[in-house]
K.L.:
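Got a structure for you, written out below as structure tokens; questions coming shortly.
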Amino acid sequence: MAWEYSEKTKQLFLDAVHGKPGTHMGEIENPDGFGEHGSIACGDSLRFTFRVERNEEDATKDKIVEARYLTFGCTSAIAASEALCIILEARQCTPIEALKITNQDIVDFLEGLPDQKIHCSVMGAEALDAAVFDWARKRGVSLEKLGVDIKEHEEEEEGRIVCKCFSVTEPYLRRKIKELNLHTIPEITAAIKAGGACMNCHHAPGGLQDILDEIWGDEKAQSEILLPVWGQDTPATPTLPTPAAQTGEGLSPYQFAKKVESAVEKFIRPILQRDGGDCEIIDIKGNLVYVQLKGACESCVGANATLKMIVESTLRAQVQDDIRVIQI
């Protein structure tokens, strides 16, 4: 069953992937602000850039006039990124004012998102924060003097890793749990993806449940243990793909097919299944891999983007860089 997206979300997505004039997919050359959030290895990644109209007398009065993004993600990730750019350009706010834009502002602009896709709006807000920090560094603006907690963000970068699959630190978890009023492990996973893969961090000492109990005290959040979504034979801790591209030179057709099948099982299917989708290899001919999307992916308006941004890109990175994926 496909996700229930609002008409606005679907239209923003379609306009973006078709490159309609006025959309924002891309990257600003020599941007005034640059920020990234997420991990391509985990299925969602966002690179965000913006350009300002400079105020030569007072840098804090710079106005954001252009915003762009590159995202490796689903329908909601692209639509949420579009929404963020539209909000920023419409407001022409200062970078400091932009820090007040929250993931809820993005969700409201999209007229809602499925609960399982809220993390896409969080990803946009976090990438914006990172871009504003980059702008402040370049312009010599002291965010601390303006009341922005720099130490908190530095601690988030260096803190203990709680969710190893998504590299989520304890300080970041604590901030988002309080900020988003998260009370259960499923709510954490929906909002920031932590705990959504191997699940070893759910009830480990110092893991998600311990942090929830410590933050909310006597409330004792009752978390639902999520069932594995990629099958009983999957290893407890799946190996995530490395970003370095590999070539398939010297592989026999049999070896090539086995590497493709292995990459699909280890990397691609777990990503799709976390969002209710799946895929199946139908045939392999030379460097052509014929794939059938299933579940939520089958009827999703973002099916073509899923093939290119997740299936094909992952196979090119893991097996051979000239692979083409064709949907059946």
Side-chain angles (χ1 to χ4, degrees), residues 38-46 71-74 77 116 119 123 161-168 189 192-202 204 225-298 300 302-328:
S39 167
I40 287 180
C42 300
D44 283 308
S45 179
L46 174 63
T71 185
F72 184 97
C74 59
Q116 297 90 337
H119 67 267
M123 187 167 63
I161 300 292
V162 176
C163 175
K164 294 181 181 179
C165 295
F166 294 99
S167 299
V168 179
T189 301
I192 59 175
K193 279 203 164 184
C198 76
M199 301 178 292
N200 286 345
C201 62
H202 284 199
I225 299 177
L226 300 179
L227 294 175
V229 291
W230 50 80
Q232 295 179 349
D233 294 331
T234 299
T237 306
T239 304
L240 295 175
T242 57
Q246 303 174 16
T247 65
E249 293 181 5
L251 295 177
S252 68
Y254 174 79
Q255 291 171 324
F256 176 79
K258 295 300 289 184
K259 288 198 72 173
V260 169
E261 291 171 359
S262 176
V264 168
E265 288 300 317
K266 288 183 180 179
F267 308 134
I268 297 170
R269 293 191 67 211
I271 290 172
L272 300 181
Q273 289 172 337
R274 279 200 299 272
D275 287 334
D278 204 345
C279 73
E280 178 185 355
I281 298 174
I282 302 300
D283 199 4
I284 299 175
K285 296 180 179 178
N287 68 333
L288 303 181
V289 179
Y290 295 84
V291 172
Q292 182 177 28
L293 294 177
K294 296 186 173 183
C297 293
E298 186 176 7
C300 177
N304 288 333
T306 296
L307 278 176
K308 292 293 181 184
M309 295 181 178
I310 296 181
V311 181
E312 187 172 275
S313 294
T314 302
L315 288 178
R316 286 183 173 184
Q318 293 301 307
V319 183
Q320 188 168 301
D321 57 14
D322 65 348
I323 285 177
R324 285 183 55 206
V325 173
I326 300 174
Q327 183 177 3
I328 298 296

K.L.:
List the atom of Cys163, the atom of Gly195, and the distance in Å for their closest heavy-atom pair.
P.N.:
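The answer is SG-N, 3.4 Å.
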K.L.:
For Pro270 versus Lys266, what's the shortest heavy-atom pair and its separation?
P.N.:
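The answer is CG-O, 3.4 Å.
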K.L.:
Any heavy-atom pair between the side chains of Arg269 and Lys294 that's under 4.5 Å?
P.N.:
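Lys294 does not reach Arg269 side chain to side chain.
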K.L.:
Give the minimum heavy-atom separation between Glu312 and Arg324, together with the two atoms involved.
P.N.:
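The pair with the smallest heavy-atom distance is OE1-CA, 3.4 Å.
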K.L.:
Closest heavy-atom contact between Met123 and Ala77?
P.N.:
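Looks like CE-CB, 4.0 Å.
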K.L.:
Applying the side-chain contact (heavy atoms from CB on, under 4.5 Å) criterion to Val319, which one of Val260, Val264, Thr314 satisfies it?
P.N.:
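With Val319 as partner, side-chain contact (heavy atoms from CB on, under 4.5 Å) holds for just one option, Val260.
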K.L.:
A side-chain contact here means heavy atoms from C-beta on lying under 4.5 Å apart; do Ile328 and Ile282 qualify?
P.N.:
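Side-chain contact under 4.5 Å: yes.
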K.L.:
One pair to check against side-chain contact (heavy atoms from CB on, under 4.5 Å): Val311 and Val325. What are the steps and the verdict?
P.N.:
CA-CA 7 Å; Val311 181; Val325 173; 3.9 Å; yes
K.L.:
Thr71 side chain to Leu46 main-chain N or O, any donor-acceptor pair under 3.5 Å?
P.N.:
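No.
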K.L.:
Looking at every heavy atom in both Leu251 and Lys259, which two are closest together, and how far apart are they?
P.N.:
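What the structure gives for the nearest pair is CD1-CD, 3.5 Å.
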K.L.:
Nearest 0.5 Å please: distance from the CD atom of Glu265 over to the SG atom of Cys279.
P.N.:
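Those atoms lie 8.0 Å apart.
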K.L.:
So Phe256 and Ile323, side-chain contact (heavy atoms from CB on, under 4.5 Å) or not? Walk me through it.
P.N.:
CA-CA 11 Å; Phe256 176 79; Ile323 285 177; 3.9 Å; yes
K.L.:
Locate the shortest heavy-atom distance separating Ala263 from Gln318; write the atom from each residue and the value.
P.N.:
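Taking every non-hydrogen atom into account, CB-CB, 4.1 Å.
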K.L.:
Could you tabulate the donor-acceptor pairs under 3.5 Å formed by side-chain atoms of residues 284-293, not counting sequence neighbours?
P.N.:
residue: Asn287; atom: ND2; partner: Asp322; partner atom: O; Å: 2.7

